[in-house]
Amino acid sequence: MRYSGWQVLAQGLMGNKGWKPAWRDPAPKPEYDIIIIGGGGHGLATAFYLAKEHGLRNIAVLEKGHLGGGNIGRNTTIVRANYSMPGNSEFYSHSLKLWEGMEGELNYNVMHSQRGLINLFHSDGQRDEYARRGNAMINQGDDAILLDRDGVRRMLPYLDYEQTRFPIYGALYHPRGGTARHDAVAWGYARGADSRGVDLIQRCEVTGIDVENGKVTGVQTTRGAIRAKKVGIVVAGRSSQVAALAGMRLPIESHILQAFVTEGLKPVIDNVVTYGMGHFYISQSDKGGLVFGGDLDFYASYAARGNLPMVEHVVEAGMTLMPMIGRAKMLRSWGGIMDMSPDGSPVIDKTHIDGLYLNCGWCYGGFKAVPGSGFSFAHLMATDRHHAPAAGYRLDRFATGRSLMDEEGTGSQHNLH
Amino acid sequence: MRLTCPHCGDRDLREFSYKGHASYLDRPGPDAAPEAWNDYLHLRDNPAGDTRDLWFHELGCSAWLVVTRNTITHAISAVALARDSKGARDAH
C-alpha cells in the first residue's frame with residue numbers, strides 16, 4: 001500500500017479498517033544469497049539498498065529481538081554532516097544527501113526536520129577549530145556558517161551568556177543539520193526492504209557462523225541452520241560477540257551513553273544546540289519533550305542504563321548553558337550501548353573470511369549514518385568493492401596506522417572519543 | 001556503582017576514573033612485533049559479563065586498581081591494587 005494524504009483521509013472515512021501490516025513475518029528459508037545479521041537501522045538500510053540499488057532479491061535480515069529494538073530506538077535522533085577529516089566528511093555528506101531524499105525514497109514519513117545544528121564555542125582556540133571545521137564542511141559541498149556572539153544571541157536568546165567559566169564566544173551553525181523520528185527510520189527501511197522481497201526474520205538469534213575452506217557458507221540460528229553465499233554482520237552494541245563467532249577479535253570496547261527526556265513542553269528550543277565545553281546537547285522533539293545527553297559513562301558496559309554521576313554532570317552542564325530548563329521535569333533516562341573504536345570512526349569492510357562482511361564501530365554517531373552506512377555496506381557486499389565515500393573505514397587501519405580518522409585527536413583509548 | 005578501594009574503603013564512583021581493560025598492564029616489550037602493539041592498544045575481548053578493568057583512584061589515594069566487574073549488571077566482585085595484580089597480567 002502506498003502511503004499518502006489521500007490514504008489517510010480515505011482510511012479515516014472507512015474507520016481505519018483498511019490498513020495492512022507494513023511488513024510480512026516470514027519463516028526463514030533454508031538458503032539465501034545474502035544474510036544480514038542485525039535488524040537495526042543499519043542492517044535494514046543495508047537490505048533495502050541491496051534490493052533497490054543492486055537488484056538483489058534473495059536476502060534475509062536476522063534479528064534476535066524485534067526490528068529496530070536496539071540503538072536505532074534509543075538515540076537522540078540528531079542528523080548532521082559536520083565532520084572535518086578526509087574519509088569522514090565525504091561519508092557523512094553522502095549520508096545527509098540520502099536523508100534529504102529518504103521520505104520520498106521510502107514513501108514513509110520519518111519526520112526529518114532540518115532545523116539547524118548550532119555548535120557553541122567558548123574560546124579563541126575553539127573558534128579557530130570550528131572555523132577550520134566549517135571550511136572543511138563547505139569544501140565538501142555542505143553548509144556551515146560561523147556565528148559571532150551577537151549572531152548566536154539573535155538565534156538563541158535564552159542561553160546564559162554571562163557565565164564566567166565558559167562564556168559563549170560564538171557558534172558554528174549547520175543549517176542542514178537537524179533531527180528525525182528515529183523509530184520511523186527503522187520502520188521505513190523495514191517496509192521498503194520487505195516490499196522488495198527481503199525476508200525480515202525476528203526472534204532469530206545467530207549462534208554460529210559457518211565457514212568452510214575460508215569461505216562463509218551460512219549461519220546457525222535459534223530457528224535452525226540457514227545457508228548463505230554472503231553474510232554481513234551489522235550488530236553495533238554486540239559486535240564483539242557476533243564477530244567472535246567467526247573467530248574475530250575486534251578493536252571495540254562497548255560503552256554506555258545515557259540520554260534523557262523531559263515532559264512535553266510548548267516549543268522553546270528551535271534547533272539542535274551543543275555546548276562545546278560541558279559536552280551537553282539538546283533538541284526538542286515534535287511531541288515537545290526536551291531530548292538531551294552528554295558524555296559516555298566512560299566504563300565498559302552492556303547494561304543499557306547508566307549511573308548517577310553522569311546524570312548529574314549532564315544536568316549541571318544543561319543548567320549552566322540554559323538555566324530556563326531547570327523547571328522542566330525529567331521523565332526518563334536510558335542508555336544505549338556504543339561500539340567504541342580506537343579512533344572514534346567506524347568500520348565498513350570485508351573480513352579475513354571470504355563472503356563475510358563487517359559493519360561496526362559507530363561509537364555514538366550511528367544514527368545520522370544509517371542511510372550512508374546501509375548504502376555503502378550494500379555496495380561493498382554486492383560488488384566486493386568499497387563504496388568511495390566509505391572507502392576509509394577499513395578494519396586494518398588500526399594495525400597499519402594508516403588513515404586513522406581521530407576527529408578529536410584523543411588517541412587510541414576507546415572511551416575517549 | 002561504588003568501588004571499595006583497598007586503601008580508602010567504600011567510595012563514590014565520582015572519585016575514580018576508568019582507563020580500560022586490565023590487559024593495559026600487559027604492555028609489550030620494546031622489541032615486540034607491531035601485531036603485539038595492535039593487540040595491546042586496539043583489540044579487546046570486550047566481554048558481556050565478567051571483566052577485569054583498570055581504574056585510577058584519582059580523587060583519593062591515586063592508586064591504580066584492577067576491578068573485577070560484570071558489564072551487564074555492574075556488580076563488582078573484587079577490587080585489588082594493580083601492583084599486586086599478577087593475575088591481571090596473565091588474563092586477557
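Order of the sequence lines fixes the chain letters, A, B, ..., with proteins taken first and strands second; residue numbering starts at 1 for each chain. Keep in mind it's a predicted model, so treat the numbers as computed, not measured. Quick note: numbers below take in every heavy atom, side chains included, and nothing from hydrogens, waters or symmetry partners.
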Which atoms of A:R305 approach chain B - backbone, side chain, both or neither, heavy atom under 4.5 Å:
both

Using non-hydrogen atoms only, which part of A:E253 is less than 4.5 Å away from chain B: side chain, backbone, both, or neither?
both

Contacting region of B:N46 [heavy-atom separation from chain A under 4.5 Å]
both

May I ask you to test the A:Y299-B:V67 pair for a side-chain heavy-atom distance under 4.5 Å?
no

Looking at NE2 of B:H42 and CG of A:D343, how far apart are the two atoms once the value is rounded to the nearest 0.5 Å?
8.0 Å

Can you name the nearest heavy-atom pair linking A:N415 to B:K19, along with the distance?
OD1-O, 4.3 Å

Interchain contact, B:F16 with chain A, by part (heavy-atom threshold 4.5 Å)
neither

Gap separating the CZ atom of B:R14 from the CG atom of A:L308, nearest 0.5 angstrom:
7.0 Å

Taking all non-hydrogen atoms of both residues into account, name the closest pair between B:D45 and A:S240 and its distance.
O-CB, 4.0 Å

Tell me, yes or no, whether the heavy-atom count around A:R394 atom CZ, taken from other residues, nucleotides or ligands under 6.0 Å, exceeds 12.
no

May I ask you to check whether over 12 heavy atoms, not counting those of B:R27, lie within 6.0 Å of atom CZ?
no

With only heavy atoms counted, which part of A:I252 is less than 4.5 Å from chain B, the side chain, the backbone, both or neither?
both

Can you name the residues of residues 69-77 of chain B that have some heavy atom under 4.5 Å away from a heavy atom in chain A?
B:R69, B:T71, B:I72, B:T73, B:H74

Given a strict heavy-atom distance threshold of 4.5 Å, which part of B:W55 is in contact with chain A: side chain, backbone, both, or neither?
side chain

The single option from B:L41, B:L43, B:N38 passing side chain to side chain contact (heavy atoms under 4.5 Å, CB included) against A:F398
B:N38

Please find the pair of heavy atoms, one from B:Y18 and one from A:A300, that lie closest to each other, and give the distance.
OH-CB, 3.4 Å

